[in-house]
S.K.: 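I have a structure I would like to understand better, so I am pasting it below and will then ask my questions one at a time.
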There are 4 protein chains.
Amino acid sequence: MNSRSAAAALISETGRGTKAAILNAALAAFGEKGFNGASTRDVAAGAGTSLSNLYNYFPSKSHLLAELLQRANDELLNRTSAAVQAAGDDPADRMREAVKAYVGFVVDHQTAALVAISEIRYLHGEHRERIVRARDSTQAIFGEIIAEGVAQGRFTTPYPDGAARNIVSMCSAISTWYRAGGRLSRKALAEQHARYALALLETRD
Amino acid sequence: MNSRSAAAALISETGRGTKAAILNAALAAFGEKGFNGASTRDVAAGAGTSLSNLYNYFPSKSHLLAELLQRANDELLNRTSAAVQAAGDDPADRMREAVKAYVGFVVDHQTAALVAISEIRYLHGEHRERIVRARDSTQAIFGEIIAEGVAQGRFTTPYPDGAARNIVSMCSAISTWYRAGGRLSRKALAEQHARYALALLETRD
Amino acid sequence: MNSRSAAAALISETGRGTKAAILNAALAAFGEKGFNGASTRDVAAGAGTSLSNLYNYFPSKSHLLAELLQRANDELLNRTSAAVQAAGDDPADRMREAVKAYVGFVVDHQTAALVAISEIRYLHGEHRERIVRARDSTQAIFGEIIAEGVAQGRFTTPYPDGAARNIVSMCSAISTWYRAGGRLSRKALAEQHARYALALLETRD
Amino acid sequence: MNSRSAAAALISETGRGTKAAILNAALAAFGEKGFNGASTRDVAAGAGTSLSNLYNYFPSKSHLLAELLQRANDELLNRTSAAVQAAGDDPADRMREAVKAYVGFVVDHQTAALVAISEIRYLHGEHRERIVRARDSTQAIFGEIIAEGVAQGRFTTPYPDGAARNIVSMCSAISTWYRAGGRLSRKALAEQHARYALALLETRD
DNA sequence: CATGAATGAGTCTTCATTCAT
DNA sequence: GATGAATGAAGACTCATTCAT
């Protein structure tokens, strides 16, 4: 499965072995059945280990989800901020690169992106707050670019305040329908959404 | 709670008494804990009836979800198509009204809108297909307006094909963050999103 | 089993049917294996019902223990205070009757008496406090008799303060070794311990 | 904690290092949660070693309990018989010293005393028999003194047969309520219980 | 319509113990 | 001696659902 292997990439960058296998299996299971629909047995079986051994690595099912979401949000934040920093000063350029980085992440780690938006509601307490913080940091990048662009007269939308949320929404929604090997290439998808974003902001040349 | 009472409105339009109470309780429960996180006991307790009596009205938990989603999607489809029909011929006007109708639905039935997008994945078989059909019909309205607008040169986006999905995405995502009594009024929210939609389509006067 | 039927008497005084069967099974299981050593499955099996049905009657294993101990302590308190009230004014007579009532309870409900002293440590919070209160009330009866007897010069022990605890200790310890049908009759056992108690208090004629 | 350090003394008299640490941790854990309520993980953690290393010292959890109880009963038997031997010929003196030795043990090793009476029921087979033997030996010392005293007309109780059990009961019950630093000193407690014992036996001068 | 009692399969998690290193 | 990884069985408890009344 494509999403599996992409996720594997996300996770095995930081570790191999049983722990990585468990994280990958959890990602697949949560992606397929949802956090509450997937059982710890599903996860253990998917990881090729025993149910009890899973608890040598993660103290609870929630910790599993938390670590998954933390990794996904960290990776997304890293990619997006790196892309923006590599872009020049022009807010439109910066926005374009931000969108392309975001879309790239969603395509590369589709299941992780899907789980990140749909299962975060099942985290509570500190776990949740930590992840929400990371997620908000990513959205803040878009917000800052928009503020700059508006200040410079580059973006002329009368509603700059809700724009970041909508742009991010559009990008992450890709995770809900995208199928690898479909009509649109990764690159085309990124270009398309960058264009939507700039249009939505009413960018003027 | 606002979402509760709004949801109640959605449901009691078509029924009073225990069945409506069950549907409302199910909506509240699924909205708060997700389909798999909410138990039939939660639902029965919320409806103020016995667990077993619930099965006199719905043969299974899935049927409950299906009926909920059917009603929500029907209402959304009705509102949207009515709004479009009431609008004139101009694709921009039609799009504006469609978006406003959609946003209005999300605000009026926030929990139902939220459950409709996040829990449909837990329906299977015929139930699912029926609901997906209704959902697609709604999106098709937007697609048709876009096609008209592009044909008439009113919308100049180079990517008309993905636009409907993104506009609908933006509108339904409101259900994930909107809080009644917040900064934006129902009307302002509708205006704003209508503007985003037209901008995204690169509408020209 | 003798302890079983005695316990049954304690419980069926207040109820018949599944709930009583569960309480009796719990008493037998906790008596035989201890609270932590007995499983809820043991209890359900002993009651001839399913594990899950047990939870229709008691919300948790702890509640089961709490109800058991409450009933035992209530019965013990009732018997003891009734016996004391029926006795005359003489502190020695009152003490004698109190001890005989206590011993009678231990013999009649040996398992309940055993569980009451050995498993109360596994109750926590409010459950525990409620039971401790009942237990202390019983001991207080002995304490008051001792205080009267000392005031009247009937009991001459130089250590009246610890005496109640020790007398109660002796009585309840019977539950740890008594076997029905043994050398001592119920009545002889009661006489014997009454004599021990009066001797310990250094009663003078 | 006093009981901890006292227990430590009991154990480290015969061993230092990891094995003693494990025994001490087991004593603390069994004392706090009971044999079935404490896990081998609790014990290992309390001893500051790994769970698997515990099995290098004790082949099973039961062996741990058995060794604990053996040591406790041995120490109690040694103290008691030594005290009796050091006492003169008078049965009353001998009884007084026996009780004082017993009470002294309970105070010095409160947790061990508590575990010895409350957890022996979780031992089976040979383990149990060995410990029961030691325990009975201790009680037999009291029984013999009583027999002597009765023969000499020093003890006039009409029920000499159950007296040893009750005296021992009273002494060991101290472990269930005593708190170091409380109202009664170790010495006062011993005197008090010696007096109770002699009174119970109806000792005459 | 409505209910209380019942159940078998399943939930997450912990258990005592083993084994390769 | 010491450890981290592993496991099968069992722990308490909840699930969606059924049935007799």
Side-chain angles (χ1 to χ4, degrees), chain A residues 17-19 21-22 33 35-44 47-65, chain B residues 17-19 21-22 33 35-44 47-65, chain C residues 17-19 21-22 33 35-44 47-65, chain D residues 17-19 21-22 33 35-44 47-65:
Chain A
T18 305
K19 181 166 185 179
I22 291 173
K33 306 184 175 180
F35 177 70
N36 278 316
S39 72
T40 50
R41 270 189 163 77
D42 290 336
V43 175
T49 187
S50 72
L51 174 52
S52 40
N53 193 34
L54 187 154
Y55 284 86
N56 286 328
Y57 294 90
F58 299 94
S60 79
K61 200 185 175 193
S62 286
H63 281 80
L64 247 178
L65 179 59
Chain B
T18 304
K19 181 164 185 180
I22 292 173
K33 306 183 173 181
F35 177 70
N36 278 315
S39 71
T40 52
R41 275 176 163 85
D42 290 336
V43 174
T49 187
S50 72
L51 174 53
S52 30
N53 193 33
L54 186 153
Y55 284 86
N56 284 326
Y57 292 92
F58 299 94
S60 79
K61 197 185 175 192
S62 286
H63 282 80
L64 248 178
L65 179 60
Chain C
T18 305
K19 183 166 184 180
I22 292 172
K33 305 183 175 180
F35 179 70
N36 279 316
S39 73
T40 51
R41 270 188 164 80
D42 289 337
V43 174
T49 188
S50 70
L51 174 53
S52 40
N53 193 33
L54 185 154
Y55 285 87
N56 286 329
Y57 294 89
F58 298 94
S60 77
K61 198 185 176 191
S62 285
H63 280 80
L64 249 177
L65 179 59
Chain D
T18 304
K19 182 164 186 182
I22 292 174
K33 307 182 173 180
F35 178 69
N36 278 315
S39 71
T40 52
R41 275 176 164 83
D42 290 335
V43 174
T49 188
S50 71
L51 174 54
S52 29
N53 193 32
L54 187 154
Y55 284 85
N56 284 325
Y57 292 90
F58 299 95
S60 82
K61 200 186 174 191
S62 285
H63 280 80
L64 249 178
L65 178 59

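Convention: sequence-line order gives letters A, B, ...; per-chain numbering from 1. For the numbers below, each heavy atom of this structure counts, side chains included, while hydrogens, waters and symmetry mates do not.
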S.K.: Can you figure out which of dC12(E), dG4(F), dA6(E) approaches the side chain of Ser52(D) most closely?
M.R.: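 For Ser52(D), the side-chain atoms sit closest to dG4(F).
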S.K.: Starting the side chain at C-beta, find the nucleotide from dT18(E), dA16(F), dT7(F) nearest to Arg41(B).
M.R.: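 Looking only at heavy atoms from C-beta outward on Arg41(B), the closest nucleotide is dA16(F).
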S.K.: Kindly give the heavy-atom pair with the smallest separation between Asn36(D) and Lys61(D), and that separation in Å.
M.R.: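 What the structure gives for the nearest pair is CA-NZ, 4.1 Å.
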S.K.: Report the residue (Asn36(A) or Asn53(B)) whose heavy-atom-nearest nucleotide on DNA chain E is the more 5′ of the two.
M.R.: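 Nearer the 5' end of the strand: Asn53(B).
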S.K.: Measure from CD1 on Ile22(A) to P on dG4(F) and round the result to the nearest Å.
M.R.: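 One finds 17 Å between P of dG4(F) and CD1 of Ile22(A), rounded.
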S.K.: Looking only at non-hydrogen atoms, find the nearest pair between Leu54(A) and Ile22(A) and report the distance.
M.R.: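 It is CA-CD1, 4.0 Å.
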S.K.: Within a strict 4.5 Å, meaning less than it, do heavy atoms of the Ser62(B) and Leu65(B) side chains meet?
M.R.: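 Sidechains of Leu65(B) and Ser62(B): no contact.
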S.K.: Considering just the side-chain nitrogens and oxygens of Thr40(C), establish if one lies under 4.0 Å of OP1 or OP2 belonging to dA12(F).
M.R.: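 Yes, such a contact exists.
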S.K.: Could you tell me whether the side chain of Ser50(D) has a donor or acceptor atom within less than 3.5 Å of a complementary atom in the base of dG4(F)?
M.R.: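 Result: no qualifying N/O pair found.
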S.K.: Of all heavy-atom pairs between Ala21(D) and Ala47(D), which one has the smallest distance, and what is that distance?
M.R.: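 It is O-CB, 3.6 Å.
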S.K.: What heavy-atom pair brings Ala38(B) and Asp42(B) nearest, and what distance separates the two atoms?
M.R.: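 Where Ala38(B) meets Asp42(B) most closely, the heavy atoms are CA-OD2, 3.6 Å.
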S.K.: When the distance from NZ of Lys61(B) to C1' of dG10(E) is rounded to whole Å, what number comes out?
M.R.: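 Answer to the nearest Å: 13 Å.
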S.K.: Any side-chain N or O of Thr18(C) below 4.0 angstrom from OP1/OP2 of dA5(E)?
M.R.: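 For Thr18(C), the contact criterion (side-chain N or O under 4.0 Å from OP1 or OP2 of dA5(E)) is not met.
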S.K.: Reading 5' to 3' and counting Watson-Crick or G-U wobble pairs with both distances under 3.5 Å, write the dot-bracket notation for DNA chain F, | for bases paired outside the strand.
M.R.: .||||||||||||||||||||
S.K.: Relative to the 5' end of DNA chain F, which residue comes earlier, Gly37(B) or Gly48(A), by the nucleotide with the nearest heavy atom?
M.R.: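 On the 5' side of the pair lies Gly48(A).
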S.K.: Whole angstroms only, please: what is the CG-C1' distance between Leu64(B) and dA16(F)?
M.R.: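 Between C1' of dA16(F) and CG of Leu64(B): 12 Å.
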S.K.: Heavy atoms from C-beta onward define the side chain here; which of dA16(F), dA6(F), dA6(E) lies closest to that of Tyr57(C)?
M.R.: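 So the nucleotide nearest the side chain must be dA6(E).
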S.K.: Going by heavy atoms in the side chains, are Tyr55(D) and Thr40(D) under 4.5 Å from each other?
M.R.: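 Yes; the side chains approach each other to less than 4.5 Å.
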S.K.: If each of Pro59(D) and Leu51(B) is mapped to the nucleotide of DNA chain E with the nearest heavy atom, which maps nearer the 5' terminus, i.e. the 5' end?
M.R.: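 The residue closer to the strand's 5' end, by nearest nucleotide, is Leu51(B).
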S.K.: Using a 4.0 Å heavy-atom cut-off, does Ala38(C) contact any base of the nucleic acid, only the sugar-phosphate backbone, or nothing at all?
M.R.: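 Result for Ala38(C) = sugar-phosphate.
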S.K.: Roughly how many Å is it from NZ in Lys19(A) to C1' in dG4(F), rounded to a whole number?
M.R.: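 One finds 14 Å between C1' of dG4(F) and NZ of Lys19(A), rounded.
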S.K.: Rounded to the nearest Å, what distance is computed from the CG atom of residue Leu54(C) to the P atom of nucleotide dG11(F)?
M.R.: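 After rounding, the reported distance stands at 14 Å.
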S.K.: Report the nucleotide, chosen from dA12(F), dA16(F), dT18(E), that has the shortest atom-to-atom distance to any side-chain atom of Tyr55(B).
M.R.: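 Selected nucleotide: dA16(F).
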S.K.: Once rounded to the nearest 0.5 Å, what's the spacing between atom CG of Asn53(B) and atom NZ of Lys19(B)?
M.R.: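 So the gap between those two atoms works out to 12.5 Å.
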S.K.: Given dC13(F), dT7(F), dT3(E), which nucleotide is nearest the side-chain atoms of Asn56(A)?
M.R.: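 Looking only at side-chain atoms, Asn56(A) lies closest to dT7(F).
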